[in-house]
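Quick notes on the structure that follows.
Since this is a predicted model, take the numbers as computed values, not measurements.
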Amino acid sequence: MSWALSAIAVIVPDVVQLVTISLMLLMFVSPVGYSIDMVPARIRPLLYLNPLTYLVETFRFAVLGIRTLPLWTDFVFIAACVVGATLSGTFFRRLSPMFADYE
């Protein structure tokens, strides 16, 4: 995401403010101070849309030994990260010739 957003931010500088607000919102709703089991079942699917949930849960398992997500979610998250890095890297390389025009 950072490659794609940095390429877009060169062309559209206001993206920086949107990213800042979005990251703050994601941090507030990520399960740092509570576990996924504490969230009501109706709201839990929204929590699964937050990519920080999977990182926080992985660190919680490493530190506390408490696993609330199934093991297959780790592999899906890694695959999504690899696909996202590939796509955003390609996007960044395609836009890089235009960067000199916006300096």
Side-chain angles (χ1 to χ4, degrees):
M1 286 299 294
S2 62
W3 286 336
L5 288 173
S6 64
I8 293 170
V10 169
I11 298 168
V12 184
D14 294 336
V15 170
V16 175
Q17 283 79 22
L18 292 173
V19 169
T20 304
I21 292 169
S22 301
L23 283 176
M24 192 179 343
L25 178 67
L26 285 176
M27 287 302 293
F28 276 119
V29 297
S30 62
V32 175
Y34 55 90
S35 68
I36 293 177
D37 297 335
M38 299 171 98
V39 177
R42 314 187 312 235
I43 302 172
R44 207 171 290 165
L46 292 175
L47 193 62
Y48 292 139
L49 293 176
N50 185 355
L52 295 177
T53 299
Y54 303 101
L55 293 173
V56 169
E57 288 299 315
T58 301
F59 280 108
R60 179 175 285 132
F61 175 65
V63 173
L64 300 175
I66 301 169
R67 179 175 274 292
T68 55
L69 292 174
L71 186 61
W72 63 267
T73 58
D74 294 343
F75 297 111
V76 171
F77 184 71
I78 290 170
C81 288
V82 168
V83 169
T86 304
L87 292 176
S88 63
T90 304
F91 180 72
F92 186 87
R93 280 191 297 280
R94 294 253 172 112
L95 282 183
S96 63
M98 297 173 45
F99 293 163
D101 296 338
Y102 290 96
E103 288 186 313

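- Minimum interatomic distance between Phe92 and Ala7 (heavy atoms only, all atoms of both residues): CD1-CB, 3.7 Å.
- Both Val10 and Met98 belong to a common hydrophobic cluster when Ile, Leu, Val, Met, Phe, Trp and Tyr are linked at side-chain heavy-atom distances under 4.5 angstrom.
- Residue Tyr54 is not grouped with residue Val56 when hydrophobic side chains (ILVMFWY) are merged at heavy-atom distances under 4.5 angstrom, including chains of intermediate members.
- Applying the salt bridge (charged side-chain N to carboxylate O under 4.0 Å, His left out) test to pairs two or more places apart or on separate chains, those with a residue in residues 66-85 are Arg67-Asp74.
- With rounding to the nearest 0.5 Å, the separation of OG1 in Thr68 from CD in Glu57 is 3.5 Å.
- Note: Asn50 CG to Leu55 CG = 9.0 Å, rounded to the nearest 0.5 Å.
- You'll find the side chain of Leu5 stays beyond 4.5 Å of the side chain of Ser2, heavy atoms only.
- Taking all atoms of both residues into account, the shortest heavy-atom contact from Arg60 to Val32 is NH2-O, 3.2 Å.
- Within the structure, no pair that satisfies the side chain to side chain donor-acceptor pair (under 3.5 Å) test touches residues 15-35, not counting sequence neighbours.
- The CG atom of Leu69 sits 4.0 Å away from atom CD1 of Ile36, with the distance rounded to the nearest 0.5 Å.
- If you take CH2 on Trp3 and OG1 on Thr90, they are separated by 9.0 Å, rounding to the nearest 0.5 Å.
- Between Tyr48 and Thr73 there is no side-chain heavy-atom pair separated by less than 4.5 Å.
- In this structure the side chain of Phe91 reaches within 4.5 angstrom of the side chain of Ile8, judged on heavy atoms.
- Taken from CZ in Arg44 to CG in Leu49, the straight-line distance is 14.0 Å, to the nearest 0.5 Å.
- No single ILVMFWY cluster, assembled from side-chain heavy atoms under 4.5 Å apart, contains both Phe59 and Val39.
- Through direct or indirect side-chain contacts shorter than 4.5 Å among Ile, Leu, Val, Met, Phe, Trp and Tyr, Ile66 is connected to Val63, Leu64.
- Between the CD1 atom in Ile21 and the CG atom in Leu25 there is a gap of 9.5 Å [rounded to 0.5 Å].
- Met24 and Leu26 are not part of a single hydrophobic cluster, where members link through side-chain heavy atoms under 4.5 Å apart.
- In this structure the side chain of Val19 reaches within 4.5 angstrom of the side chain of Val15, judged on heavy atoms.
- Counting heavy atoms from C-beta on, the side chains of Leu47 and Pro31 come closer than 4.5 Å.
- When hydrophobic clusters are built by joining Ile, Leu, Val, Met, Phe, Trp and Tyr residues whose side-chain heavy atoms come closer than 4.5 Å, directly or via intermediates, Met38 is grouped together with Ile43.
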